[in-house]
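Just below is one structure, and these are the notes that go with it.
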Amino acid sequence: MEYSQIRKNFERHGFTTQVFSTKEAACCYLTDILQNQTIGFGGSETLMELGLFEALQQKNAVVWHNKIPGMAVRKLANCADIYISSANAITETGEIVNIDATGNRVSMTAFGPQSCYYIIGRNKITANISEAYSRCKNVAAPLNARRLGVKTPCAVKGDKCYDCNSPNRICRIISVIERVPMGMKCEIIFVDQELGY
Ligand code: SF4
């Protein structure tokens, strides 16, 4: 599906949208519109690939547990006015699907900040909720488990989800954002490149 139609579908669900051809252009856009803000980041390889923390930190207070690990930093990020995240998958029909281990990202994208921005590489776009869920479980989670070095079956075998009951299981909370949460502004920033998992 063309970006123009995907944008229409998200806009019908209350989101604003932008499309950029490069991660650098998306990064410039965000550094232009976000200044003198308190910003929390969700865990994300996409944000890392954009160098967004370093770029935004120059004119904002940015909190990210990928830079300083720990629950205390996650809690601090979850008090921010602005939240920036990617997603494990989105649908062409206008929904966002995320899986979390601690729940910091799914909670903050549902309630808390004034505004939430999602950076979405083209590899995250799926046709519908069922494909999005499958992508989360069989693509994103195994790669994240490997990155984190946990000994789950998906990380060891590296091919798919085994619906494990490992104490290290990273799939603990799943959220589907079907419409912008009441009282929040949400923007989808599409980047026409492969980004993150
Ligand atoms: S449920 Fe377990 S095996 Fe499946 S993706 Fe999550 S951590 Fe991996």
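This structure is a prediction, so every number in the text was calculated from the model and none was measured. One-based numbering, in listed order, for ligands and for the atoms of each.
For atom 8 (Fe) of ligand 1, the closest non-hydrogen atom of the protein is Cys154 SG, 2.3 Å. Annotation: atom 3 (S) of ligand 1 to nearest protein heavy atom, Tyr162 N, 3.3 Å. If you check which protein heavy atom lies closest to atom 7 (S) of ligand 1, you get Ile170 N, 3.6 Å. For atom 4 (Fe) of ligand 1, the closest non-hydrogen atom of the protein is Cys161 SG, 2.4 Å.
Interface of Lys137 with ligand 1, defined as ligand atoms under 4.0 Å from a residue heavy atom, comprises 1 (S), 5 (S). Near Ala141, meaning under 4.0 Å from any of its heavy atoms, are these atoms of ligand 1: 5 (S).
Residue contacts with ligand 1 for Asp163 involve N, CA, C or O but no side-chain atom from C-beta outward (heavy atoms, distance under 4.0 Å).
Surrounding OH of Tyr133 are at most 12 heavy atoms belonging to other residues, nucleotides or ligands under 6.0 Å away. Environment of CG in Asp159: crowded, with over 12 heavy atoms of neighbouring residues, nucleotides or ligands closer than 6.0 Å. At most 12 non-hydrogen atoms from other residues, nucleotides or ligands lie less than 6.0 angstrom from CD of Glu2.
Cys164 lies apart from atom 8 (Fe) of ligand 1 in this respect, since none of its N, O or S atoms is found at a distance under 2.8 Å. Put simply, Cys171 gets within reach of atom 6 (Fe) of ligand 1, with an N, O or S atom under 2.8 Å from it.
Salt bridge annotation for Glu49-Lys23: absent, with no cationic side-chain nitrogen under 4.0 angstrom from a carboxylate oxygen.
Below 30°, between 30° and 60°, or above 60°: for Phe190 and Tyr3 the angle between ring planes is between 30° and 60°, a tilted geometry. Using cut-offs of 30° and 60° on the angle between ring planes, the pair Phe20 and Tyr29 is tilted. Using cut-offs of 30° and 60° for the angle between ring planes, the Phe15 and Phe10 rings count as perpendicular.
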